[in-house]
J.: 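Before we start, here is the structure in question, set down as structure tokens.
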Amino acid sequence: MNLFTEDMKEETASRGRIEVICGSMFSGKTEELIRRLKRAKFAHQRVEIFKPAIDTRYSEQDVVSHDNNTIHSTPIESSGSILLFTSEIDVVGIDEAQFFDDGLVHVCNELANQGIRVIVAGLDMDYKGIPFGPIPALCAIADEVTKVHAICVKCGNLAYLSHRTVKNDKRVLLGEQEEYEPLCRRCYQKAVKEGK
Ligand SMILES: Nc1ncnc2c1ncn2[C@@H]1O[C@H](COP(=O)(O)OP(=O)(O)O)[C@@H](O)[C@H]1O
Ligand SMILES: Cc1cn([C@H]2C[C@H](O)[C@@H](COP(=O)(O)O)O2)c(=O)[nH]c1=O
Ligand SMILES: [Zn+2]
């Protein structure tokens, strides 16, 4: 078992691969993505980072974690744009990948086939527990999947889902602690049953 990504020889190797970092909200996906990308920069690799243009929560341009770690990114409308920006690039990072179209799967495969290391972070499930956007397909084709966990705010166990605490049925609803709480399976079932 690898405890740290630096245990992987592939971290600085140039051959193409797809790494997926997934989990609920507040599980540390963005922090882990930023960590890997900053290390690639230290290794003098050419890094390009993308996020969906709709994700304007903390910043229009940057990828920002809940703990305020940041890295500069290029906001894009659709996954196809990534291929326009990735000549002469060693590593591509993609945050909030659940919001991208299904074409992201082809794009990531294409980049990896060209020898690029692709690191994708995103929610594995929406607030109802349904697999979110292109993430399940990306997990299937990935060379490596890292599932990270937040702490259940009710009981302190590992969280499994992002529970929505406001009344809104739309699948896409940008938000933070005001709108979502990470819960374990048990506390999530209880919250849904009680209509909280
Ligand atoms: N319930 C929680 N469990 C774990 N971390 C939490 C929780 N609530 C807030 N955080 C904070 O969120 C940070 C992770 O933020 P981030 O990487 O942006 O997560 P993600 O991208 O998965 O939503 C943690 O380091 C921690 O400071
Ligand atoms: C569960 C769920 C989340 N969202 C939104 C809420 C946030 O803006 C992002 C997730 O951000 P994070 O970096 O993982 O904290 O997604 C949504 O639109 N729909 C959902 O079901
Ligand atoms: Zn719990």
Side-chain angles (χ1 to χ4, degrees), residues 4-5 19-40 49-79 93-102 104 119-136 138-139 142 144-196:
F4 300 102
T5 48
E19 298 165 29
V20 174
I21 305 163
C22 65
S24 74
M25 289 180 69
F26 311 103
S27 60
K29 303 181 299 295
T30 302
E31 280 179 357
E32 178 59 17
L33 175 70
I34 292 174
R35 193 183 87 93
R36 292 184 195 183
L37 294 172
K38 286 191 172 165
R39 289 173 63 81
I49 304 144
F50 301 94
K51 71 171 190 176
I54 62 160
D55 182 38
T56 51
R57 269 179 313 167
Y58 291 115
S59 158
E60 296 271 334
Q61 286 284 337
D62 296 347
V63 163
V64 183
S65 79
H66 294 294
D67 266 1
N68 252 350
N69 289 317
T70 63
I71 197 163
H72 186 72
S73 75
T74 304
I76 48 168
E77 298 285 345
S78 79
S79 64
I94 304 167
D95 199 20
E96 304 292 352
Q98 74 276 358
F99 292 143
F100 279 114
D101 50 284
D102 290 342
L104 185 64
I119 314 174
V120 189
L123 287 174
D124 45 8
M125 289 177 276
D126 67 11
Y127 74 103
K128 290 180 173 169
I130 298 170
F132 212 154
I135 300 291
L138 282 166
C139 286
E144 186 196 291
V145 178
T146 306
K147 181 141 176 168
V148 282
H149 297 87
I151 299 299
C152 173
V153 294
K154 302 272 190 213
C155 75
N157 284 324
L158 292 185
Y160 171 71
L161 271 169
S162 320
H163 177 236
R164 187 177 283 174
T165 54
V166 293
K167 285 239 170 302
N168 187 317
D169 288 343
K170 284 189 187 153
R171 190 175 213 202
V172 174
L173 173 71
L174 300 186
E176 288 299 318
Q177 272 105 337
E178 298 296 305
E179 293 84 9
Y180 295 96
E181 59 184 7
L183 296 181
C184 70
R185 195 186 277 272
R186 211 172 168 177
C187 294
Y188 176 80
Q189 282 173 301
K190 193 163 178 268
V192 169
K193 209 170 168 186
E194 291 168 359
K196 282 189 190 152

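In listed order, ligands and their atoms are each counted from 1. FYI, side chains are in, hydrogens and waters are out, and symmetry mates aren't considered; it's all heavy atoms of this structure.
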J.: Mark the output for Pro182 as yes if a heavy-atom distance to ligand 1 is under 4.0 Å, and as no if none is.
T.: yes

J.: Among all protein heavy atoms in this structure, tell me which lies nearest to atom 21 (O) of ligand 1, with the distance rounded to 0.1 Å.
T.: Thr30 OG1, 2.8 Å

J.: Just which atoms of ligand 1 are under 4.0 Å from any heavy atom in Ser27?
T.: 19 (O), 20 (P), 22 (O)

J.: Please identify which atoms of ligand 2 are closer than 4.0 Å to at least one heavy atom of Leu173.
T.: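 Those atoms are 4 (N), 5 (C), 6 (C), 17 (C), 18 (O).
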
J.: Find all atoms of ligand 1 within a distance of less than 4.0 Å from any non-hydrogen atom belonging to Met25, and give their numbers and elements.
T.: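 Reading through ligand 1 atom by atom, the close ones are 23 (O).
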
J.: Suppose I only count heavy atoms of Ser24 and a 4.0 Å limit; which atoms of ligand 1 are within that range?
T.: 22 (O)

J.: Judged on heavy-atom distance to atom 17 (O) of ligand 1, which of Glu31, Glu96, Arg35, Glu181 sits nearest?
T.: Glu31

J.: Identify the closest protein heavy atom to atom 16 (O) of ligand 2: which residue and atom is it, and at what distance?
T.: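 Answer for atom 16 (O) of ligand 2: Phe99 CZ, 3.2 Å.
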
J.: Any heavy atom of His66 closer to ligand 2 than 4.0 angstrom?
T.: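 Under 4.0 Å: yes for His66.
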
J.: Could you establish whether Glu96 and ligand 2 come within less than 4.0 Å of each other, counting only heavy atoms on the residue side?
T.: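 The answer is yes, since Glu96 has a heavy atom less than 4.0 Å from ligand 2.
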
J.: What is the nearest protein non-hydrogen atom to atom 19 (O) of ligand 1, stated with its residue, atom name and distance?
T.: Gly28 N, 3.2 Å

J.: Does a sphere of radius 6.0 Å around CD in Glu77 hold more than 12 heavy atoms from other residues, nucleotides or ligands, not counting ones at 6.0 Å or beyond?
T.: no

J.: I need the atoms of ligand 1 closer than 4.0 Å to a non-hydrogen atom of Val153, numbered in the order shown.
T.: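 Once the distances to Val153 are compared, the set is 1 (N).
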
J.: Considering heavy atoms of the protein only, find what lies nearest to atom 12 (O) of ligand 1 and give residue, atom and distance to 0.1 Å.
T.: His66 CB, 3.6 Å

J.: Under 4.0 Å from a heavy atom of Leu174: give me the atoms of ligand 2 that qualify, with their elements.
T.: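 The atoms of ligand 2 under 4.0 Å from a heavy atom of Leu174 are 8 (O).
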
